[in-house]
Amino acid sequence: MSLPMTAAQVLDREYLELRAKVLELAASLDRLDRGDGSVVDDPRLRKVRAGLELLLRDDASRAERIQLLFSRDYDAGWRQAFGLPPAEPGG
Amino acid sequence: MDYIDPHIHMVSRTTDDYETLAKMGCVALSEPAFWAGFDRGSAESFRDYFRQLTEFEPKRAAQFGIQHFTWLCINAKEAENVSLSREVIAMIPEFLAAPNVLGIGEIGLNKNTRNESIIFLEHLDLAVKHSQQILIHTPHLEDKYQGTRMILDMLCGDSRIERHRVLVDHVEEHTVRPVLEAGFWAGMTLYPVTKCTPQRAADIIEMYGPERLMANSAGDWGPSKPTAVPDLILELRRRGHSESLIRRVVYDNPLEFFRQSRQFAFTPRSG
């Protein structure tokens, strides 16, 4: 199924909201700069910067990519690492 | 529009909230057992909690014409205590015949630990042995993707599990696809900050379609909004979606899923 609105209608509806969200991000980053000390090497901030770069891609799965950026890795061998019995054959 | 909230923790909410939900169109809800905000000291605390869920809450809901259903388990946070968890799991069958019990839930993972996984597998075994439906909590924030994949591994690794009788909850953009593709139901939780907004939930419905997809408020004792499902209804309407699509997500789908429970006796509002 699809979105019943055109891209132009979405932009009309969400432009001010988008503008406000970009402004909030800018103000948050400015606030970090104004605080004493530096967090430039903090891994959380590095993820935020990587997320901002993801936003600029022409790709309709930005939200999913951002989610994965902020996620721990999945290891298919977790069951063995925990010493749990393997899943039943064919499971 | 009449709607059903398939995941809300009413023991943490006031009677005024029941009244507000009724005014907003809520006709039924289901309340999974969850963490109280502190770790309980004994299995007897859970016995009292299960009595609250099966005896007291249905009466409180009924005052406002809302039908109350519930799910029983020891939640993932307290599952770190394996011996306590086993005591609680052993007690659960005493309550499975209560008229509002739909199944085992919300089981799941929290920090994706070995103990949580052991107790999750033991809950699955309990559900299978008693032919119960299952409602699953997936972890928060950075733990969600890893935990959801681990949960799917455990579910898909047990051929006794009937996938159409399992709801995997709190899905977001990065977890909804594997849940639906594996044949499970998926629930989106509408939270102010940490889960889905109504706008993003509407996006997910548009991208994946309404089949086996539900939305809930998961209203509890923390920051949450018990009337979040009506917020999603409004968002879908504002985008121009049909009433039949909206009704499918917020009413027909929960009914279809819940009807697979032996004890789901639902009376639609007349007219």
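Throughout, a chain's letter reflects where its sequence line sits, starting with A, and its residues are numbered from 1.
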Under 4.0 Å between a Lys/Arg side-chain N and an Asp/Glu carboxylate O for [X] and [Y]?
X	Y	answer
B:Glu243	B:Arg237	yes
A:Glu64	B:Arg177	yes
B:Arg239	B:Asp203	yes

Contact part of [X] toward chain A, heavy-atom cut-off under 4.5 Å: side chain, backbone, both or neither?
X	value
B:Ile161	neither
B:Asn112	backbone
B:Thr113	backbone
B:Leu155	neither

Query raised in the report: Does the side chain of B:Asp39 come under 3.5 Å of the side chain of B:Asn81 through a donor N or O and an acceptor N or O?
Result: no
Query raised in the report: Do B:Arg149 and B:Tyr145 get their side chains close enough for a donor-acceptor pair, meaning under 3.5 Å?
Result: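 Yes.
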Report task. Return yes when atom CD of A:Gln80 has more than 12 non-hydrogen atoms of other residues, nucleotides or ligands closer than 6.0 Å, and no otherwise. Result -> no
Query raised in the report: Which pair of non-hydrogen atoms, one from B:Phe46 and one from B:Leu84, has the smallest distance, and what is that distance?
Result: CE1-CD2, 4.2 Å
Query - Part of A:Leu84 lying under 4.5 Å from any heavy atom of chain B - result: side chain
**Report entry** Heavy-atom proximity to chain B below 4.5 Å, by part of A:Arg13
**Finding:** side chain
Tell me, out of [options], who's got the most heavy-atom pairs with chain A below 4.5 Å.
options	answer
B:Met207, B:Met154, B:Lys144	B:Met154
B:Glu235, B:Arg200, B:Gln199	B:Glu235
B:Gln146, B:Glu173, B:Glu172, B:His174	B:His174

